[in-house]
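Please read the structure below before turning to the comments.
Quick note on labels: first sequence line is chain A, next is B, and so on, each numbered from 1.
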Protein chains: 4
Amino acid sequence: MTDTPHRRGADRTEAIMRTTLELGQEIGYAKLSIEAVAARAGASKQTIYRRWSSKGALLLDSLLSLNEPGLDYPETGDLVADLRAQIYAAVDLLGRPPFGPLFKALIGEAQHDPQIAATLNERFIAPQADKTIARLKTARDQGQLSPAFDLDLAMAILSGPLYFQLLITQEQLTHEYVDRILNVLFAGMGPRPQIDREPPEAQ
Amino acid sequence: MTDTPHRRGADRTEAIMRTTLELGQEIGYAKLSIEAVAARAGASKQTIYRRWSSKGALLLDSLLSLNEPGLDYPETGDLVADLRAQIYAAVDLLGRPPFGPLFKALIGEAQHDPQIAATLNERFIAPQADKTIARLKTARDQGQLSPAFDLDLAMAILSGPLYFQLLITQEQLTHEYVDRILNVLFAGMGPRPQIDREPPEAQ
Amino acid sequence: MTDTPHRRGADRTEAIMRTTLELGQEIGYAKLSIEAVAARAGASKQTIYRRWSSKGALLLDSLLSLNEPGLDYPETGDLVADLRAQIYAAVDLLGRPPFGPLFKALIGEAQHDPQIAATLNERFIAPQADKTIARLKTARDQGQLSPAFDLDLAMAILSGPLYFQLLITQEQLTHEYVDRILNVLFAGMGPRPQIDREPPEAQ
Amino acid sequence: MTDTPHRRGADRTEAIMRTTLELGQEIGYAKLSIEAVAARAGASKQTIYRRWSSKGALLLDSLLSLNEPGLDYPETGDLVADLRAQIYAAVDLLGRPPFGPLFKALIGEAQHDPQIAATLNERFIAPQADKTIARLKTARDQGQLSPAFDLDLAMAILSGPLYFQLLITQEQLTHEYVDRILNVLFAGMGPRPQIDREPPEAQ
DNA sequence: TATTAAACGAGACGGTACGTCGCGTCTTGGT
DNA sequence: ACCAAGACGCGACGTACCGTCTCGTTTAATA
């Protein structure tokens with residue numbers, strides 16, 4: 001029979017992460033406690049502490065487990081369409097409930113927990129950025145972009161305003177806003193002032 | 001004799017905020033507690049709770065008290081130089097110790113405390129953005145920028161990548177990076193793909 | 001109005017001690033926990049730890065609070081009757097439920113907690129012994145006992161066998177057993193062997 | 001090769017008991033844990049739980065294993081000398097480190113663990129008492145003591161004050177104190193008051 | 001100048017959760 | 001077959017702060 005009140009290893013890990021997301025969605029990150037996760041998951045606190053060193057680390061893993069394959073880029077040959085599709089997907093997943101608030105809270109936690117910050121970067125931010133950069137690089141290699149096109153900076157201009165709106169102004173992210181950013185990235189802001197004069201001295 | 005063990009009103013407010021910053025710099029936001037601030041400031045917890053509703057609110061006020069005049073734009077007539085000067089100053093103040101970590105932590109707190117988020121926006125983010133937009137508008141009105149120049153979007157492109165680097169990748173912000181962003185904002189990314197095709201359907 | 005959900009100082013102290021005895025009687029010392037006392041007394045754990053350093057210290061105080069006036073000797077002029085009365089009272093209080101098991105457990109705790117041992121001695125054992133010795137001394141001063149009568153040893157012979165039965169053989173203490181000890185103390189064991197020969201060498 | 005990481009049966013039993021005594025002497029009974037014994041003995045907790053039902057039972061067995069032959073009485077024909085020799089030996093073994101503290105702690109445990117109390121009595125206290133009584137009986141049978149000599153009571157008067165001092169006042173037991181008790185047992189306390197009056201009514 | 005009410009320090013209090021320890025049970029894998 | 005190793009649920013530990021609540025004690029404004 002499959003009664004099996006509690007089992008081992010991966011079993012418990014998976015149950016705890018699922019409970020973390022559930023409870024996090026219900027009561028929010030601030031009120032989430034390891035105590036409560038343990039109670040609801042039918043696990044002991046020790047079992048949680050054996051695997052994760054903090055509430056943030058637990059939530060991070062729980063969220064990452066949702067996205068095992070990652071938010072991948074389609075490769076239709078149409079650069080802008082591909083970027084748009086991927087960014088729409090990311091914004092839809094991370095910019096709205098149920099996962100948006102938890103994702104935001106996690107980034108919040110990263111602000112005073114360097115370990116969370118590092119792991120978040122290594123396991124989510126950097127891989128995501130790398131995919132964006134790789135897609136842009138393909139386009140540049142195919143001559144769709146100028147050889148001088150700054151891949152890193154382009155990635156920052158695509159991501160930065162979205163995170164700014166997500167984290168700072170806390171307005172709802174829309175597809176329309178994504179489009180505006182894509183447009184300005186490739187079309188520019190229009191006629192421009194003199195910029196070619198050198199800045200004072202480096203930082 | 002100037003022993004004066006404890007005085008009133010603004011006196012206490014000021015002492016508590018100063019202590020908050022001091023202690024916050026020493027032990028970090030995560031370990032900062034109202035209990036400890038009260039003890040070090042020689043104030044009672046009641047006195048703190050009378051004025052602030054949470055640790056975040058206290059820190060927010062404490063940080064804002066540092067910046068009473070605000071980070072203002074010079075108005076030399078040279079748009080890029082003015083923007084550069086102001087952004088350098090902001091990056092230097094908020095992107096480095098001693099206040100950078102506290103500022104970051106506060107933004108972190110805003111991710112799960114809507115009241116902090118709102119106050120932070122009203123009292124710091126929005127005023128700052130308004131100044132940037134005002135400076136850009138002046139330039140547009142003077143014909144230095146195209147009449148179609150999107151002021152809000154420009155502000156987002158100036159701020160977004162900086163906050164992204166501050167909060168997400170957590171790399172050190174440099175003046176050089178500011179310059180690259182200013183450059184791309186006004187000079188664009190270079191030759192571009194077809195973008196004028198319509199996006200699928202709105203969000 | 002006497003609603004007053006929780007009050008101060010002596011109030012809480014008294015409620016906690018009463019709860020300790022109650023709960024101790026219900027579930028026994030071994031299963032008694034500070035956690036449970038706090039919960040039932042409607043107190044926080046801190047409040048208990050503020051006053052007592054351990055479960056044993058709490059129980060000790062709780063038991064002592066029962067016996068504020070002490071188990072005093074009557075002074076009828078009849079030494080044996082006075083001793084008998086007092087010992088009967090002590091045996092009845094400490095040798096039976098509800099307090100006997102807790103008293104025994106406390107002595108048990110004293111075996112691995114020197115602080116409990118010391119306090120128990122100072123606040124209960126020694127005062128009790130002093131009263132016995134004082135009563136014997138009165139009798140000796142009045143010529144009812146030989147001038148060479150060893151007061152301390154007499155006290156030990158009165159107490160020792162009772163504690164032995166209480167703690168070691170764990171048989172029920174009876175008044176009849178008290179009488180046998182009183183009798184042997186004052187009447188001796190009967191004809192005796194040669195004892196006046198010196199022991200080998202001192203320990 | 002004598003590496004033999006873990007062996008069977010009596011082997012393990014013996015190693016565990018030895019470790020128990022070692023660790024008990026080092027850190028005291030209160031801090032002794034089955035967890036720690038298992039770790040130090042290189043045994044698994046299961047192996048310990050297979051043989052003993054509690055920490056107390058384990059310590060009891062471990063201590064008893066020290067005393068396989070028992071503290072036996074010499075039989076020189078001189079009653080007092082024989083008693084003295086045996087009691088000296090008992091006091092020296094159980095009244096001082098290294099085993100005194102553990103023995104005391106075990107008696108402490110017996111106060112809230114009836115199973116320990118029962119086993120302690122059956123396997124140590126009663127056999128020891130029986131030997132004392134047997135020695136006294138031999139003397140009585142040989143006419144060295146009055147036919148009315150109360151063997152049980154004599155045993156209690158010999159043991160009681162010693163346990164009282166060991167467990168209650170926690171003073172060091174000395175040979176001199178043993179001598180005083182032996183003396184009073186056989187020589188009495190000196191001139192005595194009227195005791196032959198009947199006590200009130202039985203308990 | 002004396003009175004009084006507000007603001008204050010100090011800190012006790014009921015709570016919640018922390019992170020840790022050890023319990024006694026269990027499963028796994030090695031000898 | 002027995003073992004070590006150790007994961008697991010559980011209960012309690014003792015601690016840290018939370019936010020609320022008396023307590024006197026200043027202190028400054030009123031009478």
Side-chain angles (χ1 to χ4, degrees), chain A residues 4-13 15-16 31-39 41-55, chain B residues 4-13 15-16 31-39 41-55, chain C residues 4-13 15-16 31-39 41-55, chain D residues 3-9 11-12 31-39 41-50 52-55:
Chain A
T4 54
H6 49 268
R7 290 166 302 169
R8 291 310 170 84
D11 267 348
R12 301 280 76 206
T13 299
I16 289 164
K31 292 186 189 167
L32 188 65
S33 72
I34 289 187
E35 195 105 24
V37 171
S44 78
K45 288 199 285 176
Q46 274 295 1
T47 299
I48 296 181
Y49 282 111
R50 245 191 287 274
R51 290 171 172 66
W52 296 280
S53 59
S54 67
K55 175 167 80 159
Chain B
T4 55
H6 51 268
R7 288 169 300 170
R8 296 309 169 82
D11 267 351
R12 302 280 76 205
T13 299
I16 289 164
K31 291 184 188 167
L32 188 66
S33 70
I34 289 187
E35 198 103 24
V37 171
S44 81
K45 290 198 287 174
Q46 272 297 0
T47 301
I48 297 180
Y49 281 112
R50 249 193 287 276
R51 291 170 172 69
W52 297 280
S53 59
S54 67
K55 174 167 80 158
Chain C
T4 54
H6 51 269
R7 288 166 302 169
R8 292 309 172 82
D11 268 350
R12 303 278 76 205
T13 300
I16 290 164
K31 292 186 190 167
L32 187 65
S33 71
I34 288 186
E35 195 106 24
V37 171
S44 78
K45 288 199 285 176
Q46 273 294 1
T47 299
I48 297 180
Y49 281 110
R50 248 192 284 274
R51 291 170 172 67
W52 297 280
S53 58
S54 66
K55 176 167 78 158
Chain D
D3 186 25
T4 55
H6 51 268
R7 288 167 302 170
R8 298 306 169 81
D11 266 351
R12 301 281 75 205
K31 292 184 189 168
L32 187 66
S33 70
I34 288 187
E35 199 103 22
V37 171
S44 80
K45 291 198 287 175
Q46 271 299 357
T47 302
I48 297 181
Y49 282 111
R50 248 192 289 274
W52 297 278
S53 59
S54 67
K55 175 167 80 157

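- Going from atom CG of D11(A) over to atom C1' of dC26(E) covers 14 Å, rounded to whole Å.
- Between R12(A) and dA7(F) there is no side-chain N or O to OP1 or OP2 distance below 4.0 Å.
- When all heavy atoms are compared, the tightest approach of A15(A) to A41(A) is O-CB, 4.3 Å.
- Summarising the geometry, atom CD1 belonging to I48(B) is positioned 4.5 Å from atom CD1 belonging to I16(B); distances are rounded to the nearest 0.5 Å.
- In this structure, K55(D) contributes its side chain and S33(D) its backbone to no donor-acceptor pair below 3.5 Å.
- For S44(A), the side chain to side chain donor-acceptor pair (under 3.5 Å) partners two or more places apart in sequence, or in a different chain, are T47(A).
- Among the protein residues, A38(C) comes within range of no part of the nucleic acid, since none of its heavy atoms lies under 4.0 Å from any strand.
- Close to dA4(F), at under 4.0 Å from its OP1 or OP2, lies no side-chain N or O of R50(D).
- For S44(B), taking side-chain heavy atoms from C-beta onward, the closest of the listed nucleotides dG15(E), dC8(E), dG9(E) is dG9(E).
- The side chain to side chain donor-acceptor pair (under 3.5 Å) test applied to E35(B) returns K45(B), not counting sequence neighbours.
- The phosphate of dC2(F) has neither OP1 nor OP2 within less than 4.0 Å of any side-chain N or O from T47(D).
- Evaluation of the side chain to side chain contact (heavy atoms under 4.5 Å, CB included) rule for A39(A) yields no partner, not counting sequence neighbours.
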- Query: Which letters describe nucleotides 17-24 of chain E, given B = protein heavy atom under 4.0 Å from base, S = only from sugar-phosphate, - = neither?
  - Reply: SBBBBBBB
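- The nearest whole Å value for the distance from the CD1 atom in I48(B) to the P atom in dG11(E) is 15 Å.
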